[in-house]
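Sequential numbering from 1 along the given sequence is applied to the chain's residues.
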Amino acid sequence: MFWRYGESFLVRKEDAERVILNTHWKTDGAVISPKQMHVPEDEEDVVDMVRAANSQRIKIRPIGAALSPNFCAMPSQGAANLRKLDKILEIKNNQVTVQAGASLKRLQDELHKHGLTLRTIPSHESATVGGVISTGSHGTTPKVGPIDEEVLGMTLVTSTLGTMHLSTTEKEDLFRFSKVSLGMLGIITEVTLRCYPRRKHEESVIITSRDSLKKNHEKWLADSDSLKYLWYEGSEDVVVIRQKQVSESKGHWVAANEKQALEPLRNLLGMTEADEAEPTFLELRNALIAFGNRRSEEFQKALISAQIAYWKSKEGLSRRGWSDELMKVEDGGAELVSDFCVPVRRVDGSVGADLDFMLEFLQYAQDNNHQYDSPIEQTWSRASSSALSPAFDVDKEALFSWVRVGTVASVSSAEGDLQKGQHRRLIKETATLREQHRVLESLSTVTSEIATRYDALDLFKVTRHRLDAYRIFVADELEKMLMYRKTEDLGKDVTKYARQTTGMAQIMLGTMQPQQALQRHRAYRKQAEDSERANEAQ
């Protein structure tokens with residue numbers, strides 16, 4: 001089967017372009033090889049591609065940089081890589097309009113020329129603009145929301161309604177669903193983002209006990225411009241990395257101190273003074289985790305102690321620089337990761353629900369022999385207005401914590417399979433604990449919980465029927481996970497949902513009632529079918 005339109009082709013699997021992409025799963029990259037692969041040159045090419053796929057009922061998934069590949073991103077039928085749509089179109093009035101295939105690094109480099117930056121900095125600069133918006137990626141600052149909250153407008157190519165321009169003032173109901181949608185509503189081709197003047201931060205490290213952290217937690221949340229906690233299994237010490245805005249940029253980590261701080265990790269790896277290589281902290285840690293004796297309790301304790309010793313050497317020092325440079329995270333290599341979103345406030349309104357969950361999660365992992373040689377990272381953001389964001393809240397000032405549970409992948413395939421099994425077991429076993437603490441999994445590492453835990457999912461399905469009547473934008477495994485049902489059943493579910501909620505349905509659907517949405521969907525679908533019959537007749 002071939003697709004052809006103009007000068008472009010989508011070809012059989014054996015002839016398809018094989019795209020090598022950096023991933024968290026394989027240190028040498030991952031090969032994406034669906035039956036059809038297309039790399040559009042421009043938006044017009046995307047429109048033609050979607051039209052062709054829709055007419056033949058062939059699925060086609062937009063893919064980004066594949067930093068967290070899973071069944072959501074890995075299509076078996078068709079894929080669209082937007083790497084050629086990477087232009088920075090306009091920078092004006094603290095706003096930037098950029099094509100969705102541009103990497104965050106390319107975008108930031110261009111913004112820096114104008115003295116501007118993004119305020120929410122997702123960890124991987126090789127990620128694409130379209131990718132971080134579709135998954136609702138977050139940074140480390142508790143003063144702003146996830147990256148999708150910085151989106152002012154976007155262009156979305158849909159299969160049913162064609163090209164749409166969405167914003168906070170134009171089709172806002174669709175805008176709320178399209179920002180964080182895993183690419184299931186259409187292909188984002190262009191985005192307008194809010195940007196800010198670059199500013200300087202000072203970063204400091206504090207090693208504190210868990211009891212002391214509880215006392216200072218609310219204060220640090222209130223006055224930090226960036227905040228991260230590193231929790232190490234079996235250790236009472238917590239590493240706190242804070243940043244605050246300053247007026248000047250002076251100072252840096254002392255080079256001699258850095259080498260001395262790395263000594264325990266170098267010794268554990270068997271490096272000597274004669275070794276000329278000067279690996280970074282992350283490179284040493286990852287090498288030890290990947291090649292070390294993971295099943296030795298003695299090795300585990302030594303590795304964790306060496307990491308904490310490194311951070312203790314930073315206490316009392318500080319470094320200053322551009323905020324986006326300090327927030328940027330070195331690529332962690334091949335990792336197995338789950339990312340959770342936790343409300344900060346308890347049901348009674350007090351701050352601390354995020355720590356309650358963290359401490360119970362750590363205790364469960366320890367009691368049930370779940371070993372993690374990497375720290376569990378905890379960061380914060382404000383709420384998101386995107387319907388499927390796990391940080392969704394009608395109160396934009398609401399605080400959410402992001403808990404990143406992960407480990408570096410072993411170089412041994414057998415050890416790697418064991419890792420995956422243990423990680424999945426921990427995630428499965430803590431489902432009840434997470435439900436008790438109102439915790440949702442991030443869409444970048446989404447599991448089947450999306451089908452039962454996300455309140456707005458049924459409303460999202462109504463929207464999806466409206467924009468993609470033949471479901472061409474969803475991967476097979478994701479389709480199964482969402483448990484799609486008959487249109488009539490969907491209407492009943494949405495009606496029941498709207499009755500049971502206290503405002504969210506009205507916020508998401510506006511003045512439209514569920515049955516009206518269902519009738520409109522049927523009209524759109526009939527219109528699409530009539531159009532297809534007319535095309536076939538010609």
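The pair Arg382-Glu397 counts as a salt bridge, with a side-chain nitrogen and a carboxylate oxygen less than 4.0 angstrom apart. With respect to Lys113 and Glu110, a salt bridge is recorded, a charged nitrogen being found less than 4.0 Å from a carboxylate O. A salt bridge links Arg242 to Asp223: one of the charged nitrogens lies within less than 4.0 Å of a carboxylate oxygen.
In this structure, Phe400 and Pro343 have side chains that are in contact, with non-hydrogen atoms separated by less than 4.5 Å. The side-chain heavy atoms of Val180 and Ile133, taken from C-beta on, include no pair separated by under 4.5 Å. Residues Ser103 and Ser126 fail the side-chain proximity criterion, which asks for heavy atoms closer than 4.5 Å. With contacts defined as side-chain heavy-atom distances shorter than 4.5 Å, the pair Val238/Arg210 qualifies. Side-chain atoms of Met154 and Lys179, non-hydrogen and from C-beta on, do get closer than 4.5 Å to each other. Within the 4.5 Å cutoff, side-chain heavy atoms of Val96 are placed close to those of Leu111. Lys228 has its side chain out of reach of Pro375: every pair of non-hydrogen atoms, C-beta onward, lies at least 4.5 Å apart. Using a 4.5 Å heavy-atom threshold, the side chains of Leu116 and Asn94 count as touching.
Listed here is the closest heavy atom pair of Glu233 and Gln366: OE2-CA, 4.5 Å. The minimum heavy-atom distance linking Leu221 with Val351 is given by the pair CD1-CG1, 4.2 Å. Of all heavy-atom pairs spanning Pro40 and Leu82, the tightest one is CG-CD2, 3.6 Å. Counting all heavy atoms, side chain and backbone alike, Asp86 lies closest to Gln99 at N-OE1, 3.2 Å. Annotation for Ser137 and Thr135: closest pair OG-OG1, 3.2 Å, computed over non-hydrogen atoms. The minimum heavy-atom distance between Thr208 and Trp220, with the atom names listed, is CG2-CH2, 4.3 Å.
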Item to complete: Show the numbers, then the answer: is there a side chain to side chain contact (heavy atoms under 4.5 Å, CB included) between Thr117 and Cys195?
Response: CA-CA 6 Å; Thr117 186; Cys195 44; over 6 Å; no
Practice prompt. Test side chain to side chain donor-acceptor pair (under 3.5 Å) on Glu150 and Tyr196 and set out the steps.
Written response: CA-CA 10 Å; Glu150 303 301 321; Tyr196 303 83; 2.9 Å; yes
Worksheet item: Step by step, would you call Leu362 with Ile376 a side chain to side chain contact (heavy atoms under 4.5 Å, CB included)?
Response: CA-CA 9 Å; Leu362 286 165; Ile376 295 178; 3.8 Å; yes
Worksheet item: Leu399 and Arg345: side chain to side chain contact (heavy atoms under 4.5 Å, CB included), yes or no, with the steps?
Response: CA-CA 7 Å; Leu399 270 170; Arg345 293 196 177 274; over 6 Å; no
Practice prompt. Test side chain to side chain donor-acceptor pair (under 3.5 Å) on Ser204 and Ser318 and set out the steps.
Written response: CA-CA 5 Å; Ser204 58; Ser318 66; over 6 Å; no
Item to complete: Any chance you could lay out the side chain to side chain contact (heavy atoms under 4.5 Å, CB included) test for Leu193 and Val151, step after step, and finish with the verdict?
Response: CA-CA 5 Å; Leu193 291 160; Val151 180; 3.7 Å; yes
Worksheet item: Going through the checks in order, is the side chain to side chain donor-acceptor pair (under 3.5 Å) test met by Gln245 and Ser323?
Response: CA-CA 8 Å; Gln245 185 176 0; Ser323 61; over 6 Å; no
Worksheet entry | Stepwise side chain to side chain donor-acceptor pair (under 3.5 Å) check, Ser226 with Thr140 | CA-CA 5 Å; Ser226 173; Thr140 61; 2.6 Å; yes
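One side chain, Ser401 or Gln378, offers a donor N or O that lies under 3.5 Å from an acceptor on the other. In the model, His217 has a side-chain atom that pairs as donor or acceptor with a side-chain atom of Asp354 under 3.5 Å. A donor and an acceptor atom, one from each side chain of Gln243 and Ser224, are nowhere located under 3.5 Å apart. Glu149 and Ser385 are linked by a side-chain donor-acceptor pair at a separation below 3.5 angstrom, with hydrogens and angles left out of the test.
Within the 6.0 Å centre-distance limit, the rings of Phe281 and Trp311 are counted as a close aromatic pair.
Using cut-offs of 30° and 60° for the angle between ring planes, the His138 and Trp402 rings count as parallel. Relative orientation of the Trp231 and Tyr229 rings is perpendicular, given thresholds of 30° and 60° on the angle between their planes.
Formation of a donor-acceptor pair under 3.5 Å by the Arg198 side chain with backbone atoms of His112 is not found in this model. When atom types are taken as modelled, the side chain of Ser386 and the backbone of Ser389 share no donor-acceptor pair closer than 3.5 angstrom. Judged by distance alone, the side chain of Ser209 and the main-chain N or O of Ser212 form a donor-acceptor pair under 3.5 Å. Put simply, the side chain of Thr430 gets close to the backbone of Ile427: a donor and an acceptor are under 3.5 Å apart. Between the side chain of Arg320 and the main chain of Ser247, no donor-acceptor pair closer than 3.5 Å is present. Under the 3.5 Å distance criterion, the side-chain polar atoms of Arg404 are left unmatched by any main-chain donor or acceptor of Glu377. Within the 3.5 Å criterion, the main-chain N or O of Thr280 finds a donor-acceptor partner in the side chain of Glu283. Under the 3.5 Å distance criterion, the side-chain polar atoms of Thr120 are matched with a main-chain donor or acceptor of Gly145. A donor-acceptor pair under 3.5 Å is formed between the side chain of Glu315 and the backbone N or O of Ile207. Although no hydrogens or angles enter the test, the distance criterion places no donor-acceptor pair under 3.5 Å between the side chain of Ser305 and the main chain of Ala302.
Atoms CD and CG, on Gln95 and Leu152 in that order, are 5.0 Å from each other to the nearest 0.5 Å. Of the inter-residue distances, the one linking Ser181 atom OG with Ile188 atom CD1 reads 5.5 Å to the nearest 0.5 angstrom. Atom CG of residue Leu440 and atom CG of residue Leu388 lie 10.5 Å apart, to the nearest 0.5 angstrom. Atom-to-atom distance recorded for Leu104:CG and Asp109:CG is 10.5 Å, nearest 0.5 angstrom. Annotation: the span from Met327 atom CE to Asp225 atom CG amounts to 7.0 Å, rounded to 0.5 Å. A distance of 6.5 Å separates CD of Gln307 from CG of Leu265, quoted to the nearest 0.5 Å.
Within 6.0 Å of the CD atom in Glu218, the count of heavy atoms belonging to other residues, nucleotides or ligands does not exceed 12.
The residue from Phe357, Phe361, Tyr364 that alone fulfils the ring-ring contact (aromatic ring centres under 6.0 Å, His included) condition with His437 is Phe357.
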